[in-house]
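Along the sequence shown, residues are numbered consecutively beginning with 1. Just so it is clear, the values below take in all heavy atoms, side chains as well, and ignore hydrogens, waters and symmetry mates.
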Amino acid sequence: MLCRELFLTLLILRIKNNAVESCHFQNNISAVEEEPFYLKYCLSSSAHGNEAATIKWSKFNESLGWVELNPRPSPRITLHDYALEFWPVELKDQGRYLFQMGNSTQEWELKVTKRNKHSCFSEKQVTSKSVTVKKSFQINCSKNYYEKWINRTSLYKNCEKIEESSKKLLMVKNAKFEDQGYYSCVFSLLHNGKLYNLTSTFNITVLGDHTKRIPVYLGPKFNRVEVELGESIELNCSALANQNDAVYWNFQKENETHVNVHEKEGKEIWISEGKEYVSKILKIEKVNEKNIGFLYNCTVGDTVSMDTQSFILVRKGTTDIPNHVFTRGMIISILISVAVVCLVILCVIFRVDLVLFYRHLVGRNETLTDGKTYDAFVSYLKECHSESGAEYTFAVETLPKVLEKHFGYKLCIFERDVVPGGAVVDEIHSLIEKSRRIIIVLSKSYMSNEVIYELKSGLHKALVERKVKIILIQFSPVSDFVFLPQSLKLLKSHRVLKWKADEPLSYNSRFWKNLVYLMPAKVTKPGQEESEDLPVLSVP
Ligand SMILES: *[C@@H]1O[C@H](CO)[C@@H](O)[C@H](O)[C@H]1NC(C)=O
Ligand SMILES: *[C@@H]1O[C@H](CO)[C@@H](O)[C@H](O)[C@H]1NC(C)=O
Ligand SMILES: *[C@@H]1O[C@H](CO)[C@@H](O)[C@H](O)[C@H]1NC(C)=O
Ligand SMILES: *[C@@H]1O[C@H](CO)[C@@H](O)[C@H](O)[C@H]1NC(C)=O
Ligand SMILES: *[C@@H]1O[C@H](CO)[C@@H](O)[C@H](O)[C@H]1NC(C)=O
Ligand SMILES: *[C@@H]1O[C@H](CO)[C@@H](O)[C@H](O)[C@H]1NC(C)=O
Ligand SMILES: *[C@@H]1O[C@H](CO)[C@@H](O)[C@H](O)[C@H]1NC(C)=O
Ligand SMILES: *[C@@H]1O[C@H](CO)[C@@H](O)[C@H](O)[C@H]1NC(C)=O
Ligand SMILES: *[C@@H]1O[C@H](CO)[C@@H](O)[C@H](O)[C@H]1NC(C)=O
Ligand SMILES: *[C@@H]1O[C@H](CO)[C@@H](O)[C@H](O)[C@H]1NC(C)=O
């Protein structure tokens with residue numbers, strides 16, 4: 001008993017559903033030209049069974065009012081029970097239609113849209129559906145009303161055929177993001193020997209999980225933005241969030257500090273891979289000093305969960321030296337270094353000339369206050385039989401000629417200035433004491449017993465007492481000297497001059513310059529005679 005009742009209820013529901021599905025409840029209906037179309041009265045249960053009542057279809061004409069449609073069947077428009085069929089519908093069929101049966105009526109307004117010649121479907125005739133990713137979704141290509149005429153059914157995705165069937169067609173699958181698109185069911189209807197296409201299109205959107213998410217900013221939570229004064233910039237606050245989340249910039253909008261700061265109207269929302277993003281732009285026109293260093297905060301979220309992203313403007317170039325300035329600086333410093341190195345090298349090369357020039361320029365004289373008589377004591381090989389030797393000529397003739405006559409120095413040459421005999425040793429000692437320099441004319445034969453005292457005494461003074469400086473003039477290379485005292489080898493190389501006897505030297509030659517350089521600074525009076533300066537010391 002219970003079972004039978006249940007079965008009946010189900011049966012009635014099924015019939016009702018079918019009727020509901022095929023008839024048109026809504027008043028505004030649109031159709032696409034050149035497609036089969038029908039209008040069907042939704043039979044109410046109260047009207048059911050009133051079979052005797054005549055059925056009347058009318059179309060509204062602006063000048064004539066309601067005009068009854070010819071009940072005789074025509075090839076294109078047919079009356080069929082409670083339905084008015086178009087094979088196919090045309091643009092001129094647009095208008096208001098009225099169904100009358102007894103005192104029950106139904107009215108529709110039909111809009112016929114033009115066919116889209118460039119697409120397999122008309123965008124105005126799509127049914128939008130959203131499906132959740134990974135959830136099952138189906139494309140159900142079936143038209144109950146036209147079931148008996150369906151010859152073939154094809155399914156297109158974005159106008160590319162993906163499936164075909166001779167009757168109904170059903171596609172069921174788990175939604176993936178790439179499944180999003182336009183699905184068109186194209187029914188081929190065979191009516192009175194003619195084929196008609198009927199298209200219904202679903203706009204499928206695949207959505208991500210709708211579980212509420214906590215906003216996640218794209219980019220860091222704290223942003224430094226480099227700007228130049230006067231530049232206009234846009235701060236882009238964007239987050240992975242929920243579509244309905246609020247997004248706003250917080251700064252005192254009324255504050256005159258921020259007159260050049262505006263929030264762009266409206267939030268940008270986009271969905272990528274089923275995830276919802278929101279963003280809001282803050283425009284800062286002609287950045288000024290007041291905008292620098294201010295924290296511009298952006299908040300995304302709802303009352304439950306919200307988060308803040310901060311932006312701070314910093315002046316461009318405060319952290320890094322611009323590239324071109326850096327390069328220029330490098331080049332300049334390299335050039336300066338090169339110039340300094342060259343200058344130092346030149347100074348080293350022309351040191352002697354520079355010092356001599358300086359002495360001349362300043363008129364420096366070291367000899368005035370030290371209480372010494374001679375500028376240099378000349379020590380050389382003194383052998384009776386070799387008076388005509390090269391050393392002798394050099395020491396007794398060349399040196400005085402140049403140093404005394406030309407440069408105005410006063411030399412002490414034992415042979416010349418001291419009368420032989422007496423306490424030679426004491427006298428030499430005393431003469432060295434009165435001299436500012438010792439000029440040792442060094443040759444192979446120098447190491448004879450007679451001069452060795454002079455040498456030792458001079459070296460002692462120079463190296464131990466530091467009272468007198470030694471100038472060594474070499475006649476032969478130093479390597480030739482086997483018995484050269486150790487202390488002489490310690491002499492700085494610039495205090496050793498090499499005499500080239502075979503080359504005639506002018507006063508401006510390097511040899512003489514170097515010698516004068518090693519001599520004490522003195523205001524030179526060329527041509528000064530030594531006659532007035534007779535040796536103070538004479539052997540009694
Ligand atoms: C039907 O459409 C017309 C114009 O498109 C509109 O004025 C009217 O309100 C609509 N009626 C309904 C019930 O939607
Ligand atoms: C209304 O009726 C007149 C006369 O029958 C006809 O010429 C005209 O096209 C009709 N208008 C519409 C909109 O159907
Ligand atoms: C109209 O419908 C009502 C009930 O809804 C019925 O009582 C009445 O007789 C009907 N009139 C005609 C003319 O059919
Ligand atoms: C299809 O659905 C998407 C997402 O809902 C929408 O943006 C788009 O406008 C729809 N297309 C048509 C033709 O209605
Ligand atoms: C497909 O749709 C038709 C009517 O539109 C319905 O009768 C049928 O049950 C549907 N099929 C599925 C599997 O939902
Ligand atoms: C579909 O139509 C073709 C002719 O256009 C006919 O040969 C074929 O039998 C029809 N198929 C069905 C299932 O009606
Ligand atoms: C129906 O659509 C098919 C392709 O789907 C096309 O070849 C055919 O010409 C169309 N027929 C009509 C009457 O539009
Ligand atoms: C803001 O940033 C988002 C993500 O980087 C981007 O998609 C959007 O187009 C940006 N908006 C503007 C106006 O630049
Ligand atoms: C404007 O803002 C600045 C800094 O944010 C603040 O010192 C000043 O008091 C504010 N002025 C007004 C009128 O709110
Ligand atoms: C912006 O945010 C930072 C830290 O999130 C906060 O210290 C600062 O007070 C905020 N500034 C404003 C104007 O809301």
Side-chain angles (χ1 to χ4, degrees), residues 15-117 121-127 141-153 185-201:
I15 292 163
K16 257 183 136 179
N17 274 352
N18 268 352
V20 163
E21 217 238 326
S22 305
C23 76
H24 294 103
F25 274 120
Q26 72 275 39
N27 298 91
N28 278 5
I29 297 178
S30 37
V32 180
E33 62 164 340
E34 291 167 27
E35 283 200 351
F37 178 76
Y38 71 93
L39 278 174
K40 187 173 177 192
Y41 169 65
C42 292
L43 203 61
S44 60
S45 46
S46 62
H48 205 258
N50 194 358
E51 255 128 47
T54 50
I55 291 171
K56 214 168 95 180
W57 283 94
S58 314
K59 193 188 175 192
F60 192 75
N61 178 312
E62 267 136 39
S63 45
L64 303 171
W66 286 108
V67 178
E68 196 182 340
L69 293 176
N70 194 343
R72 273 184 311 166
S74 83
R76 200 172 70 82
I77 302 173
T78 59
L79 306 177
H80 199 274
D81 291 340
Y82 308 110
L84 177 69
E85 290 175 1
F86 299 84
W87 293 97
V89 72
E90 278 171 12
L91 283 175
K92 64 177 183 212
D93 296 324
Q94 183 163 303
R96 287 163 65 195
Y97 290 86
L98 181 68
F99 171 87
Q100 283 172 300
M101 185 175 72
N103 60 4
S104 339
T105 60
Q106 193 176 354
E107 195 187 318
W108 299 270
E109 175 141 12
L110 175 65
K111 194 165 189 293
V112 181
T113 58
K114 277 190 107 113
R115 161 172 302 278
N116 185 347
K117 294 261 172 7
F121 65 93
S122 170
E123 293 206 341
K124 284 173 186 156
Q125 286 290 89
V126 300
T127 311
C141 290
S142 75
K143 283 273 181 219
N144 280 357
Y145 186 84
Y146 290 112
E147 207 169 339
K148 58 180 179 223
W149 294 293
I150 291 177
N151 177 299
R152 200 174 57 249
T153 307
C185 301
V186 179
F187 305 95
S188 231
L189 307 182
L190 187 65
H191 181 259
N192 286 347
K194 267 181 92 177
L195 277 171
Y196 302 90
N197 285 345
L198 178 63
T199 305
S200 58
T201 301

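In this structure, the side chains of Lys111 and Asn28 stay at 4.5 Å or more apart for every pair of heavy atoms. Residues Leu189 and Ile150 have side chains in contact (heavy-atom distance under 4.5 Å, counting atoms from C-beta outward).
Side chain of Glu85 to backbone of Thr78: no donor-acceptor contact under 3.5 angstrom is found. Checked by atom type and distance alone, the side chain of Asn61 pairs as donor or acceptor with a backbone atom of Ser63 at under 3.5 Å. In this structure a side-chain-to-backbone donor-acceptor pair under 3.5 Å is missing from Ser188 to Thr153. Of the possible polar contacts, one joining the Arg76 side chain to the Pro88 backbone as a donor-acceptor pair under 3.5 Å is found. Under the 3.5 Å distance criterion, the side-chain polar atoms of Gln125 are left unmatched by any main-chain donor or acceptor of Thr201. When atom types are taken as modelled, the side chain of Gln106 and the backbone of His24 share a donor-acceptor pair closer than 3.5 angstrom. A donor-acceptor pair is defined here as one N or O able to donate and one able to accept, closer than 3.5 Å; no such pair exists between the side chain of Asn27 and the backbone of Glu109.
Below 30°, between 30° and 60°, or above 60°: for Phe37 and Phe86 the angle between ring planes is between 30° and 60°, a tilted geometry. Tyr41 and Phe99 have parallel rings, their planes meeting at less than 30° on a 0 to 90° scale where 60° marks the start of perpendicular.
Minimum heavy-atom separation, Leu110 to Gln94: O-CG, 3.1 Å. Heavy atoms only, all atoms of each residue included: Pro36 and Tyr196 are closest at CG-CB, 3.5 Å.
Counting non-hydrogen atoms of neighbouring residues, nucleotides and ligands closer than 6.0 angstrom, the CD atom of Glu62 reaches no more than 12 such neighbours.
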Quick one: do Lys59 and Val67 satisfy side chain to side chain contact (heavy atoms under 4.5 Å, CB included)? Show the steps, please.
CA-CA 5 Å; Lys59 193 188 175 192; Val67 178; 5.6 Å; no
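Aromatic pair Trp87/Tyr146: centroids less than 6.0 angstrom apart.
Going from atom CG of Leu69 over to atom CG of Leu98 covers 10.0 Å, rounded to the nearest 0.5 Å. If you take OG1 on Thr199 and CG on Asn116, they are separated by 11.0 Å, rounding to the nearest 0.5 Å.
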